[in-house]
2 protein chains.
Amino acid sequence: MTTPESKKPTPDHARNLFAAHGLKLTHQRLEIYSELTAACDHPCAETVWRRVRERVPTISLDTVYRTLAVLREHGLAARVPMDGDTARFDGDISPHHHLACECCGRIDDLPISEFDPAALQESVAGWGRVRDAQVVIRGICCRCLESGAGDRGLADGEPAPVPGESAKIQ
Amino acid sequence: MTTPESKKPTPDHARNLFAAHGLKLTHQRLEIYSELTAACDHPCAETVWRRVRERVPTISLDTVYRTLAVLREHGLAARVPMDGDTARFDGDISPHHHLACECCGRIDDLPISEFDPAALQESVAGWGRVRDAQVVIRGICCRCLESGAGDRGLADGEPAPVPGESAKIQ
DNA sequence: TTCGGTGCAAATTATTTGCATCTGG
DNA sequence: CCAGATGCAAATAATTTGCACCGAA
């Protein structure tokens, strides 16, 4: 286990879910989907690949990319709206907010209830159809502040090395 | 003029601003900075380049990339937190929110006052230092809805062609 | 059986970097 | 004069795509 997995993994209810979307349920897709919904660190494609490879050594990186794209197209996964250079994915499609460290690249869910997307319905009325509304916060996490890695500040994606941490790719 | 420019351009107050940050004020930087602060469409590096080239035909794309990076490092510009495949820049560094069309890639400012970042200070207290907090909305703009381009839905960055629009790169 | 899915390798696209030259302060 | 800035071209890194084979329904 590379990172702490919290949320309950997807057993085989994925079977019905995929069928409902007219998607074939392959060994690879099941593993990718399970890994993504179980993860809580909003992994990038390569990270999902590395983790799934522990169970399916022959899976290729582009299958991961293709599967993540398919899951997004069917609304079973989402991309986190952030400004790094690598796409980060989220298996939790329920509306929620995000918090990102510009130093080490970690992205966490932001548990708040102060913000209600419905409140700005009329403000966006004439713009078009809203698919998703969330609060995005960028800053330096306490771990980076403590390690002094956040001194320079800036940078995004997976920047500056964090002492004691592997960082780089999440 | 490629797109409607609204906000007041930066005259020469840029001279003092750059000096204050210890940055040399070159012809190229001035044009890039002016173009960025005048733009209201959150352009990508290549778009800034195309626009500035009308005045400075010899400027190179990597100078634009380097300058945008420098401006960000000094807090004179920001990258919009979004999930497209190309970085989008913002010359307006005052706190505000964004609205993005997943179909044509356009990004607009979202004029709302309902959301006050200060309200979640305590929610983020133990996480670290907040540098920026904003609401990000993703959806399909009315122009795409009308043209039917938003039918398929999904996609991000600069996807599906919009009839009557140049789209592709913003 | 059949069409969608997969793996591999090559191709694209966005962004960065090395280096020699040039220039603002 | 000189450290920092620029242009050009080559290098990276992330993501996509062509194609032949394979397996779920």
Side-chain angles (χ1 to χ4, degrees), chain A residues 12 14-33 43-50 52-53 56-74 79-80 82-89 105 154-159 168-170, chain B residues 12 14-33 43-50 52-53 56-74 79-80 82-89 105 154-159 168-170:
Chain A
D12 83 322
R15 176 151 264 104
N16 311 305
L17 192 58
F18 275 53
H21 285 271
L23 297 172
K24 283 187 179 177
L25 193 277
T26 63
H27 181 36
Q28 294 92 325
R29 286 184 169 177
L30 178 58
E31 293 299 335
I32 291 172
Y33 183 65
C44 65
E46 197 171 330
T47 296
V48 171
W49 179 55
R50 262 203 313 288
V52 172
R53 260 212 304 190
V56 190
T58 60
I59 196 171
S60 68
L61 178 57
D62 51 68
T63 289
V64 174
Y65 272 112
R66 269 187 275 234
T67 299
L68 288 174
V70 167
L71 291 176
R72 280 210 313 138
E73 285 165 14
H74 289 265
R79 222 166 119 172
V80 182
M82 207 51 68
D83 58 327
D85 40 6
T86 56
R88 302 289 288 268
F89 299 85
L154 219 272
D156 52 45
E158 289 84 24
K168 201 51 189 167
I169 294 180
Q170 281 298 314
Chain B
D12 83 322
R15 177 152 263 103
N16 311 306
L17 193 58
F18 275 54
H21 284 271
L23 297 172
K24 283 187 180 178
L25 193 278
T26 63
H27 181 36
Q28 295 92 325
R29 286 184 169 177
L30 178 59
E31 293 298 335
I32 292 172
Y33 183 64
C44 65
E46 197 171 330
T47 295
V48 170
W49 179 56
R50 262 202 313 287
V52 171
R53 258 210 307 187
V56 190
T58 60
I59 197 172
S60 68
L61 177 57
D62 50 69
T63 288
V64 173
Y65 271 111
R66 268 188 275 233
T67 299
L68 289 173
V70 168
L71 291 176
R72 281 211 310 138
E73 284 166 13
H74 289 264
R79 223 165 118 172
V80 182
M82 207 51 68
D83 58 328
D85 39 8
T86 57
R88 301 290 287 268
F89 299 85
L154 220 271
D156 53 46
E158 290 81 25
K168 200 51 187 168
I169 294 181
Q170 279 299 314

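A, B, ... follow the sequence lines: proteins, then strands. Residue 1 opens every chain.
- Rounded to whole Å, atom P of D/dG23 lies 19 Å from atom CZ of A/Phe18.
- An angle of 50°, rounded to 10°, separates the two end axes of the helix from C/dT1-D/dA25 to C/dG25-D/dC1, each defined over five pairs.
- Distance CZ (A/Arg79) to P (D/dA14): 13 Å, rounded to an integer number of Å.
- For B/Arg53, the side-chain contact (heavy atoms from CB on, under 4.5 Å) criterion is met by B/Trp49, B/Ile59, not counting sequence neighbours.
- Distances shorter than 4.0 Å separate none of the side-chain N or O atoms of B/Thr63 from OP1 or OP2 on D/dT6.
- Remark: A/Gln28 is in phosphate contact with C/dG7, judged by side-chain N or O atoms under 4.0 Å from OP1 or OP2.
- For A/Leu61 and C/dA10, the CG to C1' distance is 14 Å, given to the nearest whole Å.
- Remark: A/His21 engages A/His74 in a side chain to side chain donor-acceptor pair (under 3.5 Å) (not counting sequence neighbours).
- The CG atom of A/Asp85 sits 14 Å away from the C1' atom of C/dT13 (whole-angstrom rounding).
- Among residues two or more places apart in sequence or in another chain, the side chain to side chain donor-acceptor pair (under 3.5 Å) test is passed with B/Gln28 by none.
- Closest contact between the side chain of B/Tyr65 and the listed nucleotides C/dT16, D/dT15, C/dG7 involves C/dT16.
- For B/Thr63, the side chain to side chain donor-acceptor pair (under 3.5 Å) criterion is met by B/Ser60, not counting sequence neighbours.
- Between B/Thr86 and C/dA14, a side-chain N or O to OP1/OP2 separation shorter than 4.0 Å is absent.
- Counting any heavy atom pair closer than 4.0 Å across all strands shown, A/Ala19 reaches no nucleic acid atom.
- Using a distance-only test at 3.5 Å, with no hydrogens or angles considered, no donor-acceptor pair links the side chain of B/Arg79 to the main chain of B/Phe89.
- Atom CD of B/Glu31 and atom P of D/dA5 are 17 Å apart (whole Å).
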Let me have a per-nucleotide readout for nucleotides 18-25 of chain C, 5' to 3', with B, S or -, counting only protein heavy atoms under 4.0 Å.
B----BBS

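- Atom P of nucleotide D/dG4 and atom NE2 of B/His21 are separated by 17 Å, given to the nearest angstrom.
- Formation of a donor-acceptor pair under 3.5 Å by the A/Arg15 side chain with backbone atoms of A/Leu25 is not found in this model.
- Judged as a side-chain contact (heavy atoms from CB on, under 4.5 Å), and not counting sequence neighbours, the contacts of B/Val80 are B/His42, B/Met82, B/Arg88, B/Asp90, B/His98, B/Ile107.
- Look at CG on B/Asp83: it is 16 Å from C1' on C/dA14, rounded to the nearest Å.
- For residues 56-69 of chain B, the pairs satisfying salt bridge (Lys or Arg N to Asp or Glu O under 4.0 Å) are B/Asp62-B/Arg66, with sequence neighbours left out.
- Here B/Ala45 lies out of heavy-atom contact (under 4.0 Å) with every strand.
- Atom P of nucleotide D/dT6 and atom OH of B/Tyr33 are separated by 16 Å, given to the nearest angstrom.
- By the ring pair (Phe, Tyr, Trp, His ring centres under 6.0 Å) test, A/Tyr65 pairs with no residue at all, sequence neighbours left out.
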